[in-house]
Every structure is written in C-alpha cells, then in structure tokens.
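Step one of this worksheet: look at the structure below.
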Amino acid sequence: MPELPEVETVVRTLEKKLGHCTIESVEVRWPKIIDTPDIKTFCDRLKGQTIQSYGRIGKYLMFDLGDQMLIAHMRMEGKFYVQKAEEPYDHKHVHLLIRMRDGFELRYHDTRKFGRFALYDKREDPYAYPALKHVGLDAFDERLTPTYLYQQMHKRRITLKQALLDQQIMAGVGNIYADEICFALRMHPATKIWHLRKKDYETMLTETRRILSGAARAGGTTIRSYTSSLGVDGRFQLELNVHAREGEPCPICQGMVKKITLATRGTYYCPACQRKR
DNA sequence: CCTATCACCTGCAGGC
DNA sequence: TGCCTGCAGGTGATAG
C-alpha cells in the first residue's frame with residue numbers, strides 16, 4: 001500500500017500516538033518478517049528501548065532507539081495499529097506485537113506477509129544500513145537535484161515510468177504516483193528515458209515533489225475500499241488524475257483514460273495528453 | 001554491469 | 001454457489 005506520502009503519514013501518526021514510549025516486550029508471530037537479527041536477538045534487544053524519534057527514507061520507516069535503529073517496510077499491505085493491550089485484534093494477520101510500558105501495543109498487520117523489519121546498531125549515515133542497500137536518495141533529500149536525476153537516468157535503457165519507480169535512483173515513488181507524475185509531465189509512461197532533455201529533469205523533480213507533498217498533506221491515498229478508524233495506515237482520500245481511472249474522462253481533455261501493462265505493473269494514462277517522445 | 005522475470009503471500013473481483 | 005484466473009500501491013534474488 002504505501003508510497004512516500006503514506007509512509008510519511010504513518011510516521012507522523014505513530015509519532016503522535018506513541019511518542020517516546022518504552023518497549024516492554026516483543027512478540028513475533030511470523031518469523032519471516034524479521035530480516036535481521038535472528039528472532040530471539042531481535043526481541044531481546046528491543047526490550048527496554050525507548051523510541052527517541054520517528055522518520056523515514058523513501059518508503060522505509062526508521063525508528064530511532066538511540067543506540068539502535070529499527071527499520072521497517074510495509075511493502076504492499078502492511079499497516080500499523082496502536083491499541084490498548086487488552087483491545088482485541090485480528091490474530092490471523094497481525095505478525096508482530098510490540099508491547100509498551102504504558103499499556104499500549106504497536107501491532108503490525110499484513111495480510112500478504114510481505115513487510116520486513118530489521119534492527120541494527122546505530123550508524124551515523126542513515127543510508128548505510130544493509131536494509132537500504134538498494135535505496136537511493138529520498139525524493140525530498142536536498143542532495144537530489146535535476147542534474148543528479150539526469151546523470152542517474154538518461155543512459156538507462158528503460159522507460160520513464162520504470163525510471164520513476166527505480167528506488168535506487170530516487171526513493172519514494174510507487175505505482176500510483178509514478179502514473180500521476182507522468183500525467184503531470186504530459187508524457188507517455190512508456191517514453192524511453194533517454195529521449196528526455198536536461199530541462200525535463202527540472203520539471204520531473206518539481207512535479208514529483210509537488211505531487212508527493214500534496215498527497216502527504218492529504219494524509220496519503222486510497223484506492224481499494226478500506227475502513228479503519230483505529231488503523232495507522234495512511235489510507236485516506238485524494239483525487240487522482242489518471243491512476244485507477246480506466247475509462248474515465250481525462251481531467252484536461254475529457255478523453256478516455258487508458259490502462260496498459262508496463263514492466264508488469266498496471267499503468268494508467270491519457271493517450272491524448274501524454275505523448276511518447 | 002544492465003534489464004527482465006520470478007518468488008514471496010493472501011484475498012478479492014469477475015467470468016463461466 | 002463454486003471454481004478458476006488474474007490482479008493488487010513492493011522489492012530481493014536470479015536468470016539471461
């Protein structure tokens with residue numbers, strides 16, 4: 001589910017709900033979601049730790065524990081819930097429980113079990129953790145410039161959409177916002193990236209940040225119907241121009257939004273407004 | 001090194 | 001109703 005705006009929403013919501021809480025105990029119910037270290041070490045090392053601050057890089061959540069860093073990725077369907085320990089929950093899909101000393105629990109819910117957690121000794125450079133080995137600069141990292149994007153992208157034999165989705169170049173854009181960015185650029189998602197000119201990369205970065213920050217301000221996006229008053233999952237409403245709008249009128253020209261498959265991902269665009277170069 | 005494809009999981013919508 | 005297929009907002013490993 002989560003792209004950068006949804007992860008940002010989750011981070012800020014957890015920060016507000018949990019604050020500087022101290023961990024009392026940890027229970028892992030689906031061992032595979034823990035990448036490193038082994039389950040016992042993971043639980044033992046978390047016990048007694050206090051969450052100092054909440055952050056993210058791309059779509060990765062970063063829980064700063066002072067001398068350790070807990071890194072989480074929700075992949076497709078992960079959600080976090082903050083509830084009282086006595087509150088009932090969905091045992092079938094909750095795979096990690098972190099009980100706090102104040103009686104609240106952080107519960108990780110994930111129907112497809114794709115999400116992952118990793119715990120490391122704290123490092124100075126937040127990009128240096130093995131879990132972020134394939135993660136490039138965050139879309140809002142100030143070191144990310146149009147020139148940097150140009151250098152990273154223009155020689156690749158891939159399409160515009162694939163370039164936007166490549167987390168190793170720029171971290172945070174997923175399938176929804178990649179479509180929305182292509183629409184904002186008035187470019188066909190299958191445009192070969194080497195056709196873009198240097199000037200285009202300025203627009204690309206501006207529009208990417210405009211769309212991501214707008215979505216984050218709205219609290220993230222939802223497509224499929226989902227309701228949860230207690231969930232911390234970033235699923236709220238936001239107007240999308242083309243994504244998941246097959247057959248609907250383009251907001252610009254009223255032409256019909258088309259759906260294609262690009263690099264195995266469902267891709268939506270307006271054939272009239274978004275031309276290949 | 002680069003790109004394409006598969007694997008990881010479960011649930012749900014749509015066709016028959 | 002039941003079965004089957006395809007599809008879902010992601011990413012790491014593996015095969016060319």
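A note on names: the letters A, B, ... follow the listed sequences, proteins ahead of strands, and every chain is numbered from 1.
Taking the P atom of each, B:dC9 and C:dA13 are spaced 15 Å apart, rounded to whole Å. If you take atom P in B:dC6 and the same atom in C:dG6, they sit 13 Å apart, rounded to whole Å. With P as the reference atom, B:dT5 and C:dC7 are 15 Å apart, rounded to whole Å.
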Dot-bracket notation for DNA chain B, counting Watson-Crick and G-U pairs under 3.5 Å, with | for partners on another strand: .|||||||.|||||||
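We find that A:Glu207 and A:Arg210 are joined by a salt bridge, their nearest charged nitrogen and carboxylate oxygen being less than 4.0 Å apart.
The residue A:Lys92 sits close only to the backbone: its heavy atoms come under 4.0 Å of sugar-phosphate atoms, none of a base. Residue contacts for A:Lys133: at a heavy-atom cut-off of 4.0 Å it reaches no nucleic acid atom on any strand shown.
Remark: A:Arg45 fails to qualify as a cation-pi partner of A:Phe42 under the 6.0 Å distance and 45° angle criteria applied to the six-membered ring. Judged by the 6.0 Å and 45° rule, A:Arg156 forms no cation-pi pair with A:Trp194. For the pair A:Lys84 and A:Phe104, the cation-pi criterion (under 6.0 Å, within 45° of the ring axis) is fulfilled.
Both geometric conditions, a ring-centre gap below 5.5 Å and a plane tilt below 30°, are not fulfilled together for A:Phe114 over the base of C:dT11.
Put simply, the side chain of A:Leu160 does not reach to within 4.5 Å of the side chain of A:His188, judged on heavy atoms.
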